[in-house]
J.: 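My questions will all concern the structure given below.
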Amino acid sequence: MARRAPPSSAATSSPELRRKRTAAAPPGSPPEPRRFCSISDVLRRSRPVGAPPRVARARYEVVLCEVCGAGDREEELLLCDFCDRGRHTFCLRPILAAVPNNSWLCPDCAPNPKPIISFPLKQKKIVDFFRIQKGADEPQPAKCGLSQDAKRRRRRSLVMHKKKRKMLPFVPTDDSVQRLKQMASAATALTASKMEFSNELTYVPSMAPKSSNQAKLEEGGMQVLTKEDKETIELCRTMLKRGECPPLLVVFDLHEGFTVQADANIKDMTFIAEYTGDVDFLENRADDDCDSIMTLLSTADPSKKLVICPDKRGNIARFINGINNHTPDGKKKQNVKCVRYNIDGESHVLLVACRDIACGEKLYYDYNGHEYAYPTHHFI
């Protein structure tokens, strides 16, 4: 596990504590078995070529961040397992959302990262990766017929229309070549993140069963998706199966990592994507360092709370970044809202545009849209 900076308390130098640490084993006790390092540990601890020398300092000397020069916020100050230099999680680029559970090397000591390999811009490979159904290139109607209820709603007053705005289906890019580029960018990000593509919630036998996802268990109740909006979601799911994706590109940013930007103008209230991944109980993920866990079901019983974990499976929603909701400028960047709906008795998380989004604009939503306070005060 990555090491935090040691506490700078005077109690750590107490003679009594030193005696406890250096006390000899009681007489008659069996000798401790010899421990050997594996070759992988030896290679991991060996000094990389050109790495800076180790810092010679007392064990409990105050450690400062190599980036900002401050020594505060010790709980977020990491120590490199090789050179012992410190860096805050929020001073790294991209930012680390939490202290890693495994060993950690600073950027100076870590081996050069492998370059991101772009997914081949070949239709057959993309069709196989996203499991697009046959006949994806055949022209299909982009709109479904309006139901009788929808036609009656159109006759209502303008005031009633403003009170309840309907969700809009995304509009795929007409250019098939550009659409391949969009899907290739998502496939590149998923492959680089060692993830499999999935546009649905997945239930793994060792995690939460599908029967545990009951929207009626939501504490305080959950809003039910209207019939008209449900038709919109079904239309979007059908288009995705045909290979007609929303006009989005996944790009790599040195400060934010993978992020999503609009590849065309997107209207307010447009459905962007469903947040997908493995469904698990929250209590099973208490020590998980995944930075994209999403609340799925918040129940009164803590043992029944569910989360979505897109560390192994997921879709483009995994790469939409969060805003810094502690600053006015950060809140202005939000253009997507995250909403949980009751769909056929199950909870689902939908990402919907909350204002008009211009082509080339990056997508952001509020990580703190639900009950858990996510540390976003260091987000860019």
Side-chain angles (χ1 to χ4, degrees), residues 94 97-98 100-102 116-120 125-133 136 170 182-215 233-234 236-246 248-250 252 257-260 271-297 305-322 336 338-341 343-344 346-351 363 365 367 370 374:
N101 289 330
N102 302 317
I116 298 174
I117 302 175
S118 299
F119 196 83
K125 287 186 175 293
I126 292 177
V127 166
D128 293 340
F129 185 88
F130 290 102
R131 297 186 290 277
I132 298 174
Q133 296 178 355
F170 59 78
Q182 296 166 1
M183 289 188 287
S185 69
T188 298
L190 290 168
T191 304
S193 303
K194 299 180 181 179
M195 293 172 55
E196 295 180 9
F197 169 75
S198 176
N199 249 341
E200 300 175 349
L201 296 176
T202 51
Y203 298 89
V204 182
S206 60
M207 301 182 190
K210 188 174 182 179
S211 58
S212 62
N213 184 5
Q214 300 182 41
I233 298 302
E234 290 300 326
C236 292
R237 288 174 176 172
T238 302
M239 288 193 292
L240 288 168
K241 291 178 181 178
R242 295 199 303 253
E244 299 175 3
C245 59
L248 303 172
L249 277 173
V250 184
F252 185 79
F258 285 113
T259 183
V260 180
F271 171 73
I272 301 296
E274 178 180 355
Y275 205 94
T276 63
D278 295 338
V279 179
D280 200 358
F281 292 108
L282 176 62
E283 60 183 12
N284 295 342
R285 299 284 176 153
D287 299 323
D288 199 310
D289 57 0
C290 178
D291 60 352
S292 300
I293 292 180
M294 172 68 69
T295 301
L296 177 63
L297 191 64
K305 291 185 177 182
L306 298 179
V307 291
I308 304 173
C309 310
D311 49 350
K312 294 182 175 63
R313 280 165 283 272
N315 58 7
I316 197 170
R318 162 70 171 80
F319 306 107
I320 299 179
N321 285 344
V336 175
C338 174
V339 190
R340 288 182 293 161
Y341 283 105
I343 304 179
D344 296 332
E346 295 182 356
S347 175
H348 291 263
V349 180
L350 306 183
L351 299 180
L363 272 59
Y365 69 99
Y367 280 0
H370 301 315
Y374 193 91

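Numbering starts at 1 and runs along the sequence shown.
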J.: Residues two or more places apart in sequence or in another chain: which of them pass side chain to side chain contact (heavy atoms under 4.5 Å, CB included) with R237?
T.: I233, E234, E274, H348
J.: F258 and side-chain contact (heavy atoms from CB on, under 4.5 Å): which single residue from V250, I316, I320 fits?
T.: V250
J.: Side-chain contact, heavy-atom cut-off 4.5 Å: L296 with L201?
T.: yes
J.: Among residues at least two apart in sequence or on other chains, which ones pass side-chain hydrogen bond (donor to acceptor under 3.5 Å, both in side chains) with S198?
T.: none
J.: Could you state the interatomic distance from OG (S292) to CD1 (I308), rounded to the nearest 0.5 Å?
T.: 11.5 Å
J.: Which heavy atom of T295 sits nearest a heavy atom of V307, and at what distance?
T.: CA-CG1, 4.3 Å
J.: How long is the span from the OH atom in Y365 to the CG atom in L351, to the nearest 0.5 Å?
T.: 6.0 Å
J.: Using a 4.5 Å cut-off on heavy atoms from C-beta on, say whether the side chain of P246 contacts that of I272.
T.: no
J.: Do the non-hydrogen side-chain atoms of F130 and L240 ever get within less than 4.5 Å of each other?
T.: no
J.: So how far is it from M195 CE to L190 CG, rounded to the nearest 0.5 Å?
T.: 5.0 Å
J.: Give the C-alpha distance, both sets of side-chain angles, the deciding distance and a yes or no for side chain to side chain contact (heavy atoms under 4.5 Å, CB included) between T202 and K312.
T.: CA-CA 10 Å; T202 51; K312 294 182 175 63; over 6 Å; no
J.: Flag the pair L306 / F281 as yes when at least one side-chain heavy-atom distance between them is below 4.5 Å, and no otherwise.
T.: yes
J.: Taking side chain to side chain contact (heavy atoms under 4.5 Å, CB included) as the test, write out the residues that go with T191, two or more places apart.
T.: F119, F129
J.: Enumerate donor-acceptor pairs with a distance under 3.5 Å from any side-chain N or O in residues 203-212 to protein atoms, sequence neighbours excluded.
T.:
{"unit_1": "Y203", "atom_1": "OH", "unit_2": "N213", "atom_2": "ND2", "d": "3.0"}
{"unit_1": "S212", "atom_1": "OG", "unit_2": "P209", "atom_2": "O", "d": "2.5"}

J.: Measure the spacing between NZ of K305 and CG of L297 and express it to the nearest 0.5 Å.
T.: 10.0 Å
J.: Which residues pass the side chain to side chain contact (heavy atoms under 4.5 Å, CB included) test with Q182, sequence neighbours left out?
T.: T173, Q178, R179, C245, P247, L249, D263
J.: Quick one: pull up CZ in R285 and CG in D280 and give me the separation to the nearest 0.5 Å.
T.: 4.5 Å
J.: Report the distance from atom CZ of R318 to atom OG1 of T276, rounding to the nearest 0.5 Å.
T.: 11.0 Å
J.: Answer yes or no: is there a side-chain heavy-atom contact under 4.5 Å between N315 and F197?
T.: yes
J.: What pairs with F170 under ring pair (Phe, Tyr, Trp, His ring centres under 6.0 Å), at least two apart in sequence or on another chain?
T.: none
J.: For S347 and R340, which I'm curious about, is there any donor-acceptor pair between the side chains at under 3.5 Å?
T.: no
